[in-house]
Amino acid sequence: MSWRDLRCGELRTEHIGTRVTVAGWTDTRRDHGGLVFIDLRDHTGKLQLVINPERAAEAAGIAHDIRNEFVLQAEGEVVARAPEAVNPGLPTGEVEIQVDRVTILSRSTPLPFQLDEENVDETLRLKYRWLDLRRDRMQRNFRLSHTVIAAIRRTMDDLGFIDVWTPSMTRGTPEGARDFLTPVRLQPGRFFALAQSPQLFKQLCMVGGIDRYYQIATCWRDEDLRADRQFEFRQLDLELAFAEQQDVLDVLEACVVASFEALGREAPARPFPRLTYPDAMARFGTDKPDLRFGLEIQDATGVTRGSEFGVFAGAPCVRFLVAPRAFSRTELSRLEDVAKQWGAKGLAYIVVDESGEVRSPIAKFLSEEELSAFSAEPGSTVLFGAGAEDVVARVLGGLRLHLGRELELMETGEELFHWVLDFPLFEQEDDGRWTFTHHPFTAPVAGVEEWDEANPAGVQGQHYDLIWNGWELGSGSIRVHDVEVQQRVFRTMGLSEEEAQSKFGFLLEALAMGAPPHGGFAMGIDRFIARMAGEADIRQVIAFPKIASGSDPLTGAPTPMPAEVLRELGIAALPTKDA
Ligand code: ASP
């Protein structure tokens, strides 16, 4: 027996005169004095059942019992709707089924929210995710997600990559987050870390002669949850041997283009534009600029060297951006708050009114040369950042984004993918120590094998990021494949030989046994799909996500564990604040 002859959204005029069996969820039931109309729904659409007590007395009796979300099976004859009853808004709107038999396959208790209700509290939606998933929006998102992932897998297959599974339970992988730990009953007191990424395993695949690896890998990172962050998420993780940067970028561009094409959308043109890291920082104040709008940051350090305005003259770096609007005092004070959030002490400005009149507390200190360098048109405002270069970049980068949003410069309808390249290999932490910019396995640019280990400023890495409309989609790099260089990176980060051996001894050994040159990338699949689906939050494209507190409202996890379970694992839980 089959439950249904066709799906709800598939009924058409060509079925008129045939008998069909259909099954689905009750979307609505309307009683019209004797006649009962039921909209039956599945993910393909809705069809109309008509139950006429004169035709099917038993079915009519059952129909009175039916409530929203009951699961039904119905059998009957497909007929044309009366002309005045045709619903042109529905693909099945010209026909209906005159029901002879209806069976309630499953009942539903009253619902915590209606499926067509807008603005349902998110925790409630996630607690009853099985209902939420029945909604159009969710069905659309998950089917889109499938289409994109299938297109990516096809592309990877066409390019000769093979899908290799790597362990989740491993040693900590240094991707810059905290690890989730898993105790081991057989070895009390010892823990696996859940992989923050398959980074080292994919490199070992390269050493193992699997020259094109990929995986849609689940990664675990103990970080605060945000719109683009969950504890567990998926990456398109890939690695290529005998590859240069260009080879890696080509693979990613092919995947992005294939995803757009699979959805029937216009794909971004290849090659994607490129920006160097120093350029991105100087012009946009961030390593993931949104290039859909201009508002570029400009440099004024040279021209303000001898300024009478002491703040400029004494600052190591002075930059500005010109907003296309003469801001009012209130607006300027709001912008100053934004600048302060990003670390500024204040916000110097020059407003040029529509009439050309200048309003600025600092203009009187500025020379003609300075003023002409800031070249503001009537109806605009020059906003300055002065101070340490990184702070100025951050402040003006923050202001630029804020203005992009406020002045509605961002939503141009364009899909802008671009690369940021040429990152520094190391960066300095607040305590003065040096650490990796991407991860410690990233190679320096070709030809650089040695550097001042005490001060590696200026050593450039072969690390690249993919950005979509200001969202970082992922990162990758050409890796170190020379054991000596790898040891040098560890030393520069302050790892002693023993520490490097104890944490990464297996990698060092592998690199010493015939490691090919290699490089790779990881792209956040959930981020990519969320954007593709027009969603601002990756929770909308993850079937069973966690809420911001890190809990799963559906199962109630995480939960405390009984003392005997912990004892078996060799763990003692300390009392918590709310215990
Ligand atoms: N493992 C890196 C990450 O997860 C990506 C890569 O370098 O391939 O960000």
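Order of appearance sets the numbers: ligands from 1, and atoms from 1 within every ligand. What you see is a predicted model; the values in this text were computed from it and never measured. Residue numbers count from 1 along this sequence.
Identified under the side chain to side chain donor-acceptor pair (under 3.5 Å) test for residues 523-533, with sequence neighbours left out: Arg234-Asp526.
Counting the atoms of ligand 1 from 1 in the order shown, those under 4.0 Å from a heavy atom of His438 are 6 (C), 7 (O). For ligand 1, the atoms closer than 4.0 angstrom to any heavy atom of Gln199 are 1 (N), 2 (C), 5 (C), 6 (C), 7 (O), 8 (O). Listed by atom number, the atoms of ligand 1 under 4.0 Å from Ser197 heavy atoms are 1 (N), 4 (O). Listed by number with element, the atoms of ligand 1 under 4.0 Å from a non-hydrogen atom of Arg479 are 6 (C), 7 (O), 8 (O). Per-residue contacts place Phe521 under 4.0 angstrom from the following atoms of ligand 1 (heavy atoms of the residue considered): 8 (O). Those atoms of ligand 1 that come under 4.0 Å of a heavy atom in Lys202, given as number and element, are 6 (C), 8 (O). For ligand 1, the atoms sitting less than 4.0 Å from at least one non-hydrogen atom of Gln235 are 3 (C), 4 (O), numbered in the order shown with element in parentheses.
In terms of N/O distances under 3.5 Å, ligand 1 is approached by Arg221. Every N/O-N/O distance between Gln196 and ligand 1 stays at or above 3.5 Å. By the 3.5 Å distance cut-off applied to N or O atoms, Ser477 is not counted among the residues near ligand 1.
Classified by interplanar angle (parallel below 30°, tilted 30° to 60°, perpendicular above 60°), the ring pair Phe490/Phe504 is parallel. Taking the six-membered ring where tryptophan is involved, the planes of Tyr128 and Trp130 are perpendicular, since the angle between them exceeds 60° and thus also 30°. Taking the six-membered ring where tryptophan is involved, the planes of Phe521 and Trp419 are perpendicular, since the angle between them exceeds 60° and thus also 30°.
Annotation: atom 9 (O) of ligand 1 to nearest protein heavy atom, Glu175 OE1, 3.6 Å.
Neither the backbone nor the side chain of Phe441 comes within contact range of ligand 1; no heavy atom lies under 4.0 Å.
By the ring pair (Phe, Tyr, Trp, His ring centres under 6.0 Å) test, Phe180 pairs with Phe231, sequence neighbours left out.
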**OP:** Determine, stepwise, if the pair Gln199 / Gln203 fulfils side-chain hydrogen bond (donor to acceptor under 3.5 Å, both in side chains).
**Re:** CA-CA 6 Å; Gln199 182 61 38; Gln203 291 192 236; 2.9 Å; yes
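A side-chain donor from one of Thr166 and Gln215 sits under 3.5 Å from a side-chain acceptor of the other.
Checked against Pro183 for a side chain to side chain contact (heavy atoms under 4.5 Å, CB included), the options Val565, Ile571, Leu566 give a single hit: Ile571.
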